[in-house]
Amino acid sequence: MTCYLVTGAAGLLGGEIAAALADKGHRVIGLVRKSRTVMRGNGEQMPAGDWQGGIPEPGKILLVEGDVRDPHLGLERQAYDRLAGQVDRIVHCAAIVQFDADPEIYEAVNINGTGHVIDFARARPDAPAALVAVSTAYVCGERDGPISEADAEKPDRFANPYEASKFASEAKVREVMADGMAAAIARPSIVVGRSKDGVIAAFDTIYMAFKLLAEGRIRTIPSTPGATLNFVPLDHAVNGIVTIAERIEEAQGKVFHLVAGSPMPVADFFALVRDYPQFSNPDHVPPERFDPSMLSPLEQRFHRRVAALYTSYFQRNPLFLESNTENLMGCGGPAADEALMRRQIDFAIGAGFLPAESVTA
């Protein structure tokens, strides 16, 4: 079977991708930095040994400690060369996904790190290893309307430096695709839990905004009429990335939107939140009427620290087209409708992340 290197294998997407590849009988080597725990999306830990220079058995995962910030991925030269000779395909998930990191961190990890992974792919003796680079659908920045998968236009404005860093990362991958390297780009949107039950291993990024809204710590969100939230279930994103990697001969040179078949209107999202009696009743106002100085001191603090990082998602309406994804997988993503998102919220309540009872009771 094929030998895969999954960078960021201890992360949410990377862990589930490593597990999915192993389930299908592939040999998997996970590049990890600090954590040596590879988890499925449901929180189940995958058994994994240490890579000591040998190729994994089919269906097994071995871990190697490294760092994409380093030109040799944090490996000794002999180990680097040996690993490069073993890997057939790479799924590059390692990234800083926070929206408020220092600029030099994005440069080192998301941009230069991608370049280092490309160099590693090219270090394979016979021919470069194939590469699937995981990006984000929101490289479109604050543009609205139809966004095609082939669209590489730089937006006038990014909502945050994370998006900008992923756009720059994609540019590096596009260069090697143009040179004929077998590479593809996967663009998930806002990843939430599994389709059927909302299960997810870690509540981070957008979930923190959900928590502040539900608990009433943020009561006012500036949002634009017609704005939508493009939630994609974890299983669709992972299945898409694994399919692209397995069928790289068909996928190479292309970009794939792994997104909701239809996004959720922001108004519907707020209506859903209000339908839970234990949650607060958040108010959404047009951005031009939003004045942070009118908030309570406590809410101002939460808005500066967390909410401001996510408010742009409540003010945009990008319509991500899925032609490449539909052609490769035979279907697009599921609709981000009330039923899907209710399952996400119910799981977060059951897991204790969101309140099961009124926070004012």
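Everything quoted here is computed from the prediction, not taken from an experiment.
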Original post:
Got a salt bridge between Arg40 and Asp23, using NZ or NE/NH1/NH2 to carboxylate O under 4.0 Å?
Top reply: yes

**OP:** Using modelled atom types only, decide if a donor and an acceptor are shared between the side chain of Arg89 and the backbone of Ala129 within a distance under 3.5 Å.
**Re:** no

Original post:
Can you find a pair of side-chain heavy atoms, one from Pro286 and one from Pro222, that are under 4.5 Å apart?
Top reply: no

Original post:
Tell me, do Leu234 and Val192 make a side-chain contact under 4.5 Å, heavy atoms counted?
Top reply: no

Original post:
Does CG in Asp50 sit with more than 12 non-hydrogen atoms of other residues, nucleotides or ligands closer than 6.0 Å?
Top reply: yes

Original post:
Are the side chain of Arg27 and the backbone of Pro56 linked by a donor-acceptor contact shorter than 3.5 Å?
Top reply: yes

**OP:** Test Asp197 against Phe347 for side-chain contact (heavy atoms from CB on, under 4.5 Å), laying out the working first.
**Re:** CA-CA 7 Å; Asp197 53 15; Phe347 175 76; over 6 Å; no

Original post:
Do the rings of His72 and Tyr80 sit parallel, tilted or perpendicular, given the 30° and 60° boundaries?
Top reply: perpendicular

Subject >> Greater than 12 external heavy atoms within 6.0 Å of Lys60's NZ >> reply: no

Subject >> Verdict with reasoning, Glu142 to Asp156, per side-chain contact (heavy atoms from CB on, under 4.5 Å) >> reply: CA-CA 8 Å; Glu142 296 189 347; Asp156 293 333; over 6 Å; no

Original post:
Should Met264 and Leu319 be regarded as members of a common hydrophobic cluster, given that ILVMFWY residues are connected when their side-chain heavy atoms come within less than 4.5 Å of each other, either directly or indirectly?
Top reply: no

**OP:** Could you tell me whether the side chain of Asp67 and the main chain of Arg69 form a donor-acceptor pair under 3.5 Å?
**Re:** yes

**OP:** Could you walk me through whether Leu321 and Ile147 pass side-chain contact (heavy atoms from CB on, under 4.5 Å), step by step?
**Re:** CA-CA 6 Å; Leu321 306 181; Ile147 310 291; over 6 Å; no

**OP:** Look at the rings of Phe269 and Phe314 and say which category their plane angle falls in: under 30° parallel, 30 to 60° tilted, over 60° perpendicular.
**Re:** tilted

Original post:
Cluster question for you: counting only ILVMFWY and a side-chain heavy-atom cut-off of under 4.5 Å, with indirect links fine, are Val109 and Ile111 together?
Top reply: no

**OP:** For residues Phe120 and Leu5, determine if any side-chain heavy atom of one lies less than 4.5 Å from a side-chain heavy atom of the other.
**Re:** yes

**OP:** Check whether the side chains of Glu149 and Thr325 place a donor and an acceptor atom closer than 3.5 Å, and report yes or no.
**Re:** yes

Original post:
Is it true that Val273 and Ile190 fall in one hydrophobic cluster, defined by side-chain heavy atoms closer than 4.5 Å?
Top reply: yes

**OP:** Answer whether the closest heavy-atom distance between the side chains of Cys140 and Pro155 falls below 4.5 Å.
**Re:** no

Original post:
Nearest 0.5 Å, what's the CG-OG distance between Asp337 and Ser262?
Top reply: 7.0 Å

Subject >> Ser165/Glu107 under side chain to side chain donor-acceptor pair (under 3.5 Å): CA gap, chis, key distance, verdict >> reply: CA-CA 7 Å; Ser165 72; Glu107 180 79 19; over 6 Å; no

Original post:
Does the side chain of Asp88 pick up a donor-acceptor pair with the side chain of Thr2 at under 3.5 Å?
Top reply: no

Subject >> salt bridge (Lys or Arg N to Asp or Glu O under 4.0 Å) pairs, two or more places apart, involving residues 310-328 >> reply: Glu163-Arg316

Subject >> Residues Phe320, Tyr138; criterion ring-ring contact (aromatic ring centres under 6.0 Å, His included); working and verdict >> reply: CA-CA 9 Å; Phe320 302 115; Tyr138 287 92; 5.3 Å; yes

**OP:** Determine, for Arg143 against Glu153, whether the closest basic-nitrogen to carboxylate-oxygen distance falls under 4.0 angstrom.
**Re:** yes

Original post:
Quick check: does any side chain N or O of Gln315 sit under 3.5 Å from a backbone N or O of Ser223, one acting as donor and the other as acceptor?
Top reply: no

Original post:
Under 30°, 30 to 60°, or over 60°: which ring-plane class applies to His284 and Phe270, parallel, tilted or perpendicular?
Top reply: parallel

Original post:
When rounded to the nearest 0.5 angstrom, what is the spacing between CG in Leu340 and OG in Ser195?
Top reply: 6.0 Å

Original post:
Can you tell which of Val91, Leu12, Val132 makes a side chain to side chain contact (heavy atoms under 4.5 Å, CB included) with Ile17?
Top reply: Val91

Original post:
Under 6.0 Å from the CD atom of Glu76, do we count more than 12 heavy atoms belonging to anything else shown?
Top reply: no

**OP:** First locate atom OG of Ser189, then atom OH of Tyr313, and finally report the distance between them rounded to the nearest 0.5 Å.
**Re:** 9.5 Å

Original post:
Under 30°, 30 to 60°, or over 60°: which ring-plane class applies to His26 and Tyr4, parallel, tilted or perpendicular?
Top reply: perpendicular

Subject >> Gap separating the CG atom of Leu258 from the OG1 atom of Thr243, nearest 0.5 angstrom >> reply: 9.0 Å

Original post:
Which class fits the ring pair Tyr310 and Phe99: parallel under 30°, tilted 30 to 60°, perpendicular over 60°?
Top reply: tilted

Subject >> Heavy-atom side-chain proximity of Leu73 to His116 below 4.5 angstrom >> reply: yes

**OP:** Could you tell me whether Lys24 and Glu246 make a salt bridge, using a distance below 4.0 angstrom between a side-chain N and a carboxylate O?
**Re:** yes

Subject >> Charged N-O contact under 4.0 Å between Arg342 and Asp346 >> reply: no

**OP:** Report yes or no: do His92 and Thr7 form a side-chain donor-acceptor pair below 3.5 Å?
**Re:** yes

**OP:** Examine distances only and state if a side-chain atom of Arg124 and a backbone atom of Val87 form a donor-acceptor pair shorter than 3.5 Å.
**Re:** yes

Original post:
Would you say the side-chain atoms of Arg82 pair up with the backbone N or O of Gly53, donor to acceptor, closer than 3.5 Å?
Top reply: yes

Original post:
Is Asp235 salt-bridged to Lys196, cutoff N-O under 4.0 Å?
Top reply: no

Original post:
For the side chain of Asn110 and the backbone of Tyr106, is there at least one donor-acceptor N/O pair under 3.5 Å apart?
Top reply: no

Original post:
So, do Ile61 and Leu63 sit near enough that their side-chain heavy atoms are less than 4.5 Å apart?
Top reply: yes

Original post:
More than 12 foreign heavy atoms under 6.0 Å from CD of Gln78: is that the case here?
Top reply: no

Subject >> Validation row: Gln45, Val38 side chains within 4.5 angstrom (heavy atoms) >> reply: no

Subject >> Atom pair CD1 (Ile244) and CD1 (Ile185), whose distance is rounded to the nearest 0.5 Å >> reply: 10.0 Å

Subject >> Residues Arg187, Glu170: salt bridge by 4.0 Å N-O rule >> reply: yes

Subject >> Other ILVMFWY residues reachable from Phe158 by side-chain steps of under 4.5 Å >> reply: Val139, Phe167

Original post:
Is the count of non-hydrogen atoms from other residues, nucleotides or ligands lying under 6.0 Å from Glu44 atom CD greater than 12?
Top reply: yes

**OP:** Measure the spacing between CG of Asp283 and CD1 of Ile218 and express it to the nearest 0.5 Å.
**Re:** 12.5 Å

Subject >> Partner of Glu250 by side-chain hydrogen bond (donor to acceptor under 3.5 Å, both in side chains), out of Lys254, Arg247, Gln252 >> reply: Arg247

Original post:
Do Ile118 and Ile96 belong to the same hydrophobic cluster, where Ile, Leu, Val, Met, Phe, Trp and Tyr are linked whenever their side-chain heavy atoms lie under 4.5 Å apart, directly or via other members?
Top reply: yes

Original post:
Does Arg33 pair with Asp70 as a salt bridge, N-O distance under 4.0 Å?
Top reply: no

**OP:** Would you sort out whether Val191 and Phe231 count as a side-chain contact (heavy atoms from CB on, under 4.5 Å), showing the intermediate values?
**Re:** CA-CA 6 Å; Val191 177; Phe231 299 118; over 6 Å; no

Original post:
Do Val6 and Ile55 share a hydrophobic cluster (ILVMFWY, side-chain heavy atoms under 4.5 Å, transitive)?
Top reply: no

Subject >> Test item: Leu272 and Ile345 side chains (from C-beta on) under 4.5 Å apart, heavy atoms >> reply: yes

